[in-house]
Amino acid sequence: MPELPEVENTRRYLIEAGLPGRTFTGADVGWAKTVKKPSLEDFVLGLTGGTVQEVTRRGKYLLFKLGHQGSDTGPTLVIHLGMTGGLRIQPAKQPVHSMVRHRFFLDDETELRFQDGRKFGKLWLADNPNDILPPLSPDPFSEEFTLKSFRDHLKGRSAPIKAVLLEQSIVSGMGNLYADESLFLAGISPVRPASKLTVKEATRLKDCMIFAFTSALEQYDRSRSEQWPDPPMGLSSWSIPREKNGLCPNCGGPISIIRVRARGTCFCPKCQR
DNA sequence: AGTACGTCCTGATCGC
DNA sequence: TGCGATCAGGACGTAC
């Protein structure tokens, strides 16, 4: 699934592909329910004529600040890729892949194409993105994401640490796969009550989350050009095997696959306590 | 307030 | 061979 590294990789790709400075000349929304706000009609109207000023990221949300007619005061296009979403810029004349649900026409004979097999992606247009974004923690890479604030969020939480990690208000950008990876690297069981983590464990977990995100981003930065037009959906190889009958790379024992909050969860019962 | 579960979606895979 | 059942899960709404 697109999680923090995949969304950030998409952002960097869009910038390298020259999206900033381009102007939207129209849009074809193939699945109306993807547009959350405003109405579909107003969404397309407000987008059209907007020039991309910058592309930023908040958690798993991509923000496209628009300007209108030379002015830098315009709405912001907000995109969430959901589970199967991917963005790419292609020539208008290039055949449209069957998974492409939405097309945003640009002023240079290209299109920003939004492929989204399961239609879990979301689109907004907002004058102020804060009006539509849910509460998000500081970016895990920022200095505001401190060990103290992370630990404060774990206090009083009896829910499994894995479930807490997935809350975007606690670790923005975290998703199912990187949560499993981080917990494996930290040697912590996904079902441990969050409040029961020691200072040492919380410290290790925070470091491992950053490490997992960083490793993925470095991998993407090395080979971004080779990833397109097929966007990546996670690390090329996880430390923790995700397939059935997988073996722990540490102890060689069998990996357990359980459900935590209806999420497939892989962990080593021997190495993760 | 915190926890848990159902809902939305469809391509891929599984079992009979 | 074919077809129905099952699985995958991010975020949100609802219930307790």
Side-chain angles (χ1 to χ4, degrees), chain A residues 1-10 29-37 40 57-63 78-87 96-102 114-124 126 129-137 139-140 151-183 190-197 209 212-213 216 229-235 238 240-246 255-267:
Chain A
M1 327 309 125
E3 305 179 29
L4 185 152
E6 289 73 35
V7 178
E8 176 62 18
N9 176 61
T10 300
V29 174
W31 186 252
K33 289 172 78 171
T34 301
V35 176
K36 298 303 172 182
K37 270 183 186 173
L40 174 56
R57 180 185 58 78
R58 296 269 301 276
K60 300 175 195 170
Y61 297 79
L62 284 168
L63 278 59
V78 181
I79 298 182
H80 193 295
L81 297 174
M83 294 189 348
T84 54
L87 295 170
V96 181
H97 190 278
S98 62
M99 291 296 101
V100 170
R101 308 294 186 191
H102 320 290
F114 187 176
Q115 66 169 23
D116 184 19
R118 291 179 208 168
K119 300 179 177 174
F120 275 26
K122 296 183 178 74
L123 294 167
W124 299 262
N130 292 324
D131 294 340
I132 62 103
L133 290 173
L136 298 168
S137 82
D139 194 83
R151 289 190 59 226
D152 283 346
H153 279 298
L154 306 184
K155 285 180 185 165
R157 298 298 302 270
S158 63
I161 181 64
K162 160 102 183 251
V164 173
L165 286 188
L166 292 177
E167 293 179 20
Q168 300 303 295
S169 58
I170 297 177
V171 188
S172 67
M174 183 58 76
N176 196 48
L177 278 55
Y178 287 93
D180 280 1
E181 180 79 357
S182 305
L183 287 164
V191 296
R192 281 270 297 285
S195 61
K196 300 285 189 187
L197 265 64
M209 293 190 294
F213 285 154
D230 293 317
M233 284 300 190
L235 289 168
W238 300 95
I240 173 96
R242 300 202 65 81
E243 70 277 4
K244 237 190 295 181
N245 304 321
I255 292 294
S256 293
I257 303 182
I258 61 172
R259 316 279 305 171
V260 175
R261 290 282 223 282
R263 298 282 171 270
T265 301
C266 305
F267 75 108

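A note on names: the letters A, B, ... follow the listed sequences, proteins ahead of strands, and every chain is numbered from 1.
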Integer-rounded Å distance: [N] [atom2] and [X] [atom1]:
| X | N | atom1 | atom2 | value |
| --- | --- | --- | --- | --- |
| A:I79 | C:dA11 | CD1 | C1' | 17 Å |
| A:I170 | C:dA11 | CD1 | P | 13 Å |
| A:E3 | C:dA11 | CD | P | 9 Å |
| A:R261 | C:dC12 | CZ | C1' | 14 Å |
| A:L154 | B:dG2 | CG | P | 13 Å |
| A:M83 | B:dT10 | CE | P | 12 Å |
| A:E167 | C:dG10 | CD | P | 13 Å |
| A:L133 | C:dA11 | CG | P | 11 Å |

Given [options], identify the nucleotide with an atom nearest to the side chain of [X].
| X | options | result |
| --- | --- | --- |
| A:K60 | C:dG10, C:dG9, B:dG11 | C:dG10 |
| A:Y61 | C:dG9, C:dC12, B:dC8 | C:dC12 |
| A:R101 | C:dG10, B:dT3, B:dG11 | B:dG11 |
| A:K122 | C:dA11, C:dG9, B:dT3 | C:dA11 |
| A:N176 | C:dG10, B:dG11, C:dA8 | C:dG10 |
| A:K33 | B:dC9, C:dG10, B:dG11 | B:dC9 |
| A:R118 | B:dT10, C:dG10, B:dG2 | B:dT10 |
| A:W31 | B:dT3, C:dA8, B:dC9 | B:dC9 |

In terms of the nearest nucleotide of DNA chain B, which residue is placed more toward the 5' end: A:R263 or A:K155?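 By nearest-heavy-atom nucleotide position, the 5'-most residue is A:K155.
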Whether A:D116 and A:K119 form a salt bridge (side-chain N of Lys/Arg under 4.0 Å from carboxylate O of Asp/Glu) is what I want to check.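 Salt bridge absent between A:K119 and A:D116.
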Between the side chains of A:K37 and A:D131, is the shortest nitrogen-to-carboxylate-oxygen separation below 4.0 Å, so that they form an ion pair?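 A salt bridge is absent here (no side-chain N lies under 4.0 Å from a carboxylate O).
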Quick one: CG on A:L136 to CD1 on A:I170, what's the gap to the nearest 0.5 Å?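 Spacing of CG (A:L136) from CD1 (A:I170) equals 12.0 Å.
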Is any side-chain nitrogen or oxygen of [X] closer than 4.0 Å to OP1 or OP2 of [N]?
| X | N | value |
| --- | --- | --- |
| A:H80 | C:dA11 | yes |
| A:S158 | B:dT3 | yes |
| A:Q168 | C:dG10 | no |

Close side-chain approach of A:F267 to A:L183, heavy-atom, < 4.5 Å: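 Not touching, per the 4.5 Å side-chain cut-off.
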Is there a side-chain contact between A:M174 and A:F213 in this structure, where contact means two heavy atoms from C-beta onward sitting under 4.5 Å apart?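 Yes; the side chains approach each other to less than 4.5 Å.
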Parallel, tilted or perpendicular: ring planes of A:W238 versus A:Y178, cut at 30 and 60 degrees: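 Aromatic pair A:W238/A:Y178 classed perpendicular.
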Any protein N or O atoms within reach of nucleotides 13-15 of chain C? Criterion: under 3.5 Å, listing atom names and distances.
none

Checking the side chain of A:R101 only, and the main-chain atoms of A:G117 only, is there a donor and an acceptor separated by less than 3.5 Å?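 Judged by distance alone, yes, a pair lies under 3.5 Å.
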Verify stack between A:F120 ring and C:dG9 base, 5.5 Å, 30 degrees: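 Ring-base stacking flag set for A:F120 and C:dG9.
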On a heavy-atom basis, which atom in A:D180 and which in A:G264 lie closest, and how many Å separate them?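 Closest approach of A:D180 to A:G264: OD2-O, 3.7 Å.
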